[in-house]
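This report concerns only the one structure given below.
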Amino acid sequence: MKLTMWQRFTAPFVEPYVRYQHADVLHATRLGVAVILALLVNKVTNLPHGEWTTITVFIILGLLQYQGAIYTKAKERVLGTLLGIGAALGVLWFSQNVGAWLWVDYALIGLISGIIGYLAVRQLGYTGLLTGITMLMIVSDLGHSSIGQDGIYRALNILLGTGVAVAVTLVLPLKSTLMWRFLLSSNLDACSSLYASVGNHIDTADGMTQDLAQPPNPVAFSVDGVPVNKTLVTALQQINKRLLAVRPHIAATASESGIKKETLETIQRTHRNIIGTIDLLLSAAPRLANIDIDDENHTLLIHYQHELTQAMQHMAAVLRSPSDEMFRPITRIAVSEYPSVQHLAFEWQGYFWLTQTLQTQLQQLSDLLQTTKPHWYAASGLSYQRREQRRIKQQGGETDLHL
């Protein structure tokens, strides 16, 4: 179904997967809108020190694209501001009602600042930093009667700026959980394509043994007598780039979904191991071209690799799907049921072992994703699920889950 011009224009705003593909542009648009709204809020409220509203918007949204990270930053900023106001009001009360000498007030401010610094390092982090900054904005000069009032206004503008930043993220959300799903899905799709190129070497292995004049398939690594395929090199670079891009989403996804961070780290580690194993298979496959293998085991390996390729494509499809689909078993093939593999040349046995390792890693990833699915599926948002299901139905009801 061909998209209209209007559908193409609105897709980044209404379709989460397209939003993921244009996240940088959408982030820039959202930040610009948030700053404009902050300026309008300043105009309406007319509070002194209104610049802190726009400054706060930039601090929260400037380097953060995704809801989980933004909400965490906003929560820390609000909590730090409120705690700072409380600490400052306590100092002002002490100064006006108890304090006899200025140095006593300064000693109290220094003591509280030390306690805040200790807690910031030990536990509070950014919240502790904001507590100290807000307190000092209010009590930094006890000799001036207006300093406390100015500090309160600054704190109120910080809270307004935080509210504007959060409101804009609700209108144009970029959920870390969705981004995590889509990045992992894209990498599994890319890995399946890369792994299929490994199968091309195996499919042609017999022909190459019989006709050594036939040029070998190019690879992504420097192997004697085999040309390097720049397309595979680029594909590997993109896969590793996406692998690194997943890292910043782990903490925010844990916050949004309720999945333990340790579990997400295990998924990330398995994800990385799968890429590493495919790396090894890609470098090993061309070396097998001139080593004999019988027809039975050659056919077994072709089917084995075909099923693993489809398994990766299916996992990617389930991760992208707005429906509550199940992850199926990786393959029905068990190499242990084929004792003839143990009598192959050492190089072929090693290749089968690497393929079994990939199967184990894929099954581990599939099990982890299935176990955690209730959390990350719910955290993706009902609006996303319904919108995507409606879009798929309008486009003919076809998905890629038939694999």
Side-chain angles (χ1 to χ4, degrees), residues 16-17 19-20 23-24 26-27 30 59-80 119-130 162 165-166 168-170 172-188 239-275 315-316 318-322 324-327 361-385 388:
Y17 188 68
R19 199 180 297 160
Y20 148 71
D24 294 345
L26 189 60
H27 169 67
R30 188 172 62 185
I59 289 174
I60 293 177
L61 294 183
L63 291 176
L64 301 175
Q65 293 177 275
Y66 305 103
Q67 278 182 301
I70 290 170
Y71 290 165
T72 300
K73 189 89 164 182
K75 181 178 68 176
E76 290 173 343
R77 195 156 183 84
V78 169
L79 187 57
L119 293 175
V121 172
R122 297 283 294 182
Q123 187 176 8
L124 293 180
Y126 185 68
T127 301
L129 178 66
L130 259 295
T162 303
V166 171
V168 171
T169 61
L170 291 173
L172 294 173
L174 283 169
K175 282 183 170 287
S176 286
T177 303
L178 280 173
M179 300 305 112
W180 173 80
R181 285 175 61 178
F182 294 151
L183 283 167
L184 183 54
S185 171
S186 296
N187 251 12
L188 284 168
I239 288 172
N240 284 310
K241 185 177 179 181
R242 279 190 293 266
L243 175 67
L244 293 174
V246 172
R247 169 62 56 189
H249 293 289
I250 289 178
T253 299
S255 174
E256 288 178 2
S257 64
I259 302 173
K260 291 182 178 179
K261 189 177 178 181
E262 293 78 9
T263 303
L264 290 170
E265 290 286 0
T266 303
I267 291 174
Q268 176 76 346
R269 186 165 55 252
T270 308
H271 177 194
R272 183 173 62 248
N273 290 342
I274 288 168
I275 296 170
M315 290 166 67
V318 174
L319 278 165
R320 282 193 305 270
S321 173
D324 192 8
E325 304 289 342
M326 295 282 291
F327 290 90
Q361 291 166 345
L362 288 172
Q363 189 62 62
Q364 182 184 7
L365 181 61
S366 178
D367 292 342
L368 285 167
L369 291 173
Q370 185 61 53
T371 302
T372 56
K373 185 170 185 184
H375 297 282
W376 55 256
Y377 182 77
S380 299
L382 286 175
S383 60
Y384 158 69
Q385 323 290 0
E388 285 293 281

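Values in this document were obtained by computation on a predicted structure and should not be read as measured data. Only this structure's heavy atoms are used, side chains among them; waters, hydrogens and symmetry mates stay out. Just so you know, residue 1 is the first one in the sequence shown, and it goes up from there.
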Given side chains that start at C-beta, do those of [X] and [Y] come closer than 4.5 Å, heavy atoms only?
{"X": "Leu130", "Y": "Glu76", "result": "no"}
{"X": "Ile59", "Y": "Lys73", "result": "yes"}
{"X": "Leu244", "Y": "Arg247", "result": "no"}
{"X": "Thr169", "Y": "Tyr71", "result": "yes"}
{"X": "Arg30", "Y": "Ile70", "result": "yes"}
{"X": "Leu188", "Y": "Leu365", "result": "yes"}
{"X": "Ile274", "Y": "Asn187", "result": "no"}

Identify the two heavy atoms, one from [X] and one from [Y], that lie closest to each other, and give their separation to 0.1 Å.
{"X": "Ala254", "Y": "Leu264", "result": "N-CD1, 3.6 Å"}
{"X": "Gln361", "Y": "Asn273", "result": "OE1-O, 3.4 Å"}
{"X": "Gln268", "Y": "Leu243", "result": "NE2-O, 3.1 Å"}
{"X": "Ala74", "Y": "Ile60", "result": "CA-CD1, 4.2 Å"}
{"X": "Lys373", "Y": "Val318", "result": "NZ-CG1, 3.9 Å"}
{"X": "Phe327", "Y": "Met315", "result": "CE2-O, 3.8 Å"}

Query - Test side chain to side chain contact (heavy atoms under 4.5 Å, CB included) applied to Ile259 and Ile267, step by step - result: CA-CA 11 Å; Ile259 302 173; Ile267 291 174; 5.8 Å; no
Any sub-3.5 Å donor-acceptor pair from [X]'s side-chain atoms to [Y]'s backbone N or O?
{"X": "Glu256", "Y": "Ser176", "result": "yes"}
{"X": "Arg181", "Y": "Leu319", "result": "yes"}
{"X": "Ser186", "Y": "Leu183", "result": "no"}
{"X": "Trp376", "Y": "Leu369", "result": "yes"}
{"X": "Thr270", "Y": "Thr266", "result": "yes"}

Query raised in the report: How far does OG1 of Thr372 sit from NZ of Lys260, to the nearest 0.5 angstrom?
Result: 12.5 Å
Query raised in the report: About how many Å separate OG of Ser255 and NE2 of His249, when rounded to the nearest 0.5 Å?
Result: 14.0 Å
Query raised in the report: Between Arg320 and Ser185, is any side-chain donor less than 3.5 angstrom from a side-chain acceptor?
Result: yes
Query raised in the report: Hey, which of Gln364, Gln363, Gln370 is the one that makes side-chain hydrogen bond (donor to acceptor under 3.5 Å, both in side chains) with Asp367?
Result: Gln363
